[in-house]
Number of protein chains: 2
Amino acid sequence: MSDNANSVNMTAPSRGYHHGDLRAALLDAGLDLLKSGSAETLSLREVARRVGVSPTAVYRHFPDKAALLKELCIRGALELAQAQAQAMKAAGGGRKGFVATGAAYIRYAVANPALFRIMMANMPPGGFFSSDFSDDQVGIKMLRDNIISLVPKEAGEKGVLFGMLMSWAQVHGLSMLMLDGQIPVSEETIKAFESSQMEFRFVPDQPSE
Amino acid sequence: MSDNANSVNMTAPSRGYHHGDLRAALLDAGLDLLKSGSAETLSLREVARRVGVSPTAVYRHFPDKAALLKELCIRGALELAQAQAQAMKAAGGGRKGFVATGAAYIRYAVANPALFRIMMANMPPGGFFSSDFSDDQVGIKMLRDNIISLVPKEAGEKGVLFGMLMSWAQVHGLSMLMLDGQIPVSEETIKAFESSQMEFRFVPDQPSE
DNA sequence: GCATTATGTTTACAGTGATAACATGTCCGA
DNA sequence: TCGGACATGTTATCACTGTAAACATAATGC
């Protein structure tokens, strides 16, 4: 993640070549295409075409398609984390705020289906939990902090991890089922989720009834 | 697996021009490839190749690739439902059995990653909830019955639907996160889920805490 | 027996990701 | 200022994909 940001950031404008800053332009075009519905069928050539450059020019900036997608999914992760943080703040923090971050997750997914898919399929090894990146860890860090503050202390680290897992899986599952058309995409459902009470009781070894 | 005695020989197709039951053979080959790891990159040509037939022969039995995939995902759905039913029985029914069907869902997903993906991405419009098919509705029906028996009666139909949604999303989310490498695929995690207590209290409008 | 139909093959086309060879623009040092 | 060195973009090409059209062969029905 050396340099990216928008093309505005380039501190050395003289470095502009044929295309000013093709790398950023490609990423923008890619994001655009992903947001414009164009589902999993995003192609390198399409991106290049949109920027107005030859197909193989892409390879001067990305070793392969996966590398481009990886950068895109990092951008998406950041955007998602921002949306979640905003939802948290808007809800006034606390348990309510936490649930709001979950709803924001779902809303982001259904609002950006293609990008969300790419994000999940192309996250680097270890995924969100990895510590290779710093910036896109924001979402996970937020989740962790929330769980810590909501889970009973006796649960310990294991309980925290379990809580993170289950709550993430909950919203992720809802998101994916909606994206895949298995359940209807409805704001009503999201609201129902939001207003329902989520409990994280860590009872790993209870015979349960 | 109806294989006629004459093993298809491409170089001397004096006898093997007409394959006994190509449609079934194609489906079997497709399932095989999907189970053999060959991820989302399953191609029509690969399937045809494996059966020993020309690429376009497929189009005598399926209008296009999506049609083939759709059939495969129906098969997968049946298999998954069987696994769940078996888990239910093995656990002795009840709440424990219900949770066992969830664990079976996850285990099936991680055991058949490619097929599971195809299943979710290619389910017919409306998905599992649709009533177009009868057989592959088994899984959903099982889920529904379980939820009905576990959810308080005051919850009503809405509560049942909500319970189905949330519990399905829970296991589906865990499955997908594992498949996408976002969380480690570990039997330990599945067991933790299995032994944790799942509660379905319907509190859609409670101010929470 | 022969025409019809079902099934499989060959050929072909547009699209994809990717590599290699080539062309051009920009920068840096003499 | 000049001239290489390097960064960037292009063209040509390959192997692969899904799919359509035309053709070939086997099974079936009159």
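Per chain, numbering begins at 1; letters A, B, ... match sequence-line order. Values below: every heavy atom of this structure, side chains too, minus hydrogens, waters and symmetry copies.
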*Asks:* Find the distance B:L68:CG to D:dT17:P and express it as a whole number of Å.
*Replies:* 15 Å

*Asks:* Nearest of C:dA18, D:dG18, D:dT10 to any side-chain atom of A:D64?
*Replies:* C:dA18

*Asks:* Measure CG/A:L42 against C1'/C:dG17 and give the value in whole Å, please.
*Replies:* 12 Å

*Asks:* What is the separation between atom CZ on A:R23 and atom P on D:dG9, rounded to the nearest whole Å?
*Replies:* 12 Å

*Asks:* Tell me whether the side-chain N/O atoms of B:R49 come closer than 4.0 Å to OP1 or OP2 in D:dT17.
*Replies:* yes

*Asks:* If you count the non-hydrogen atoms of other residues, nucleotides and ligands that lie under 6.0 Å from CD in A:E157, is the total more than 12?
*Replies:* yes

*Asks:* I'd like to know if A:R45 reaches the base of C:dG15 with its side chain such that a donor and an acceptor end up less than 3.5 angstrom apart.
*Replies:* no

*Asks:* So which heavy atom on B:N122 is nearest to which on B:C73, and how close?
*Replies:* O-SG, 3.7 Å

*Asks:* Go through the side-chain N and O atoms of B:Y105 and B:Q84 and say whether any donor and acceptor fall under 3.5 Å apart.
*Replies:* no

*Asks:* Any idea which of C:dT10, C:dA12, C:dT19 is nearest the A:T56 side chain?
*Replies:* C:dT19

*Asks:* Atom CZ of A:F62 to atom P of C:dG17: distance rounded to whole Å?
*Replies:* 14 Å

*Asks:* When you measure from the side-chain N and O atoms of B:S43 to the phosphate of D:dT17, is any distance below 4.0 Å, counting only OP1 and OP2?
*Replies:* yes

*Asks:* Separation of A:R60 atom CZ from C:dT26 atom P, in whole Å?
*Replies:* 16 Å

*Asks:* Considering heavy-atom distances to DNA chain C, does A:T41 or B:L22 have its closest nucleotide positioned more toward the 5' end?
*Replies:* B:L22

*Asks:* Write down the atom of B:F62, the atom of B:R23, and the distance for their closest heavy-atom approach.
*Replies:* CE2-NH1, 3.6 Å

*Asks:* Can you see if the side chain of A:H61 gets near the phosphate of D:dA7 - specifically, an N or O under 4.0 Å from OP1 or OP2?
*Replies:* no

*Asks:* Just how far, in rounded Å, is C1' of D:dT19 from OH of B:Y59?
*Replies:* 4 Å

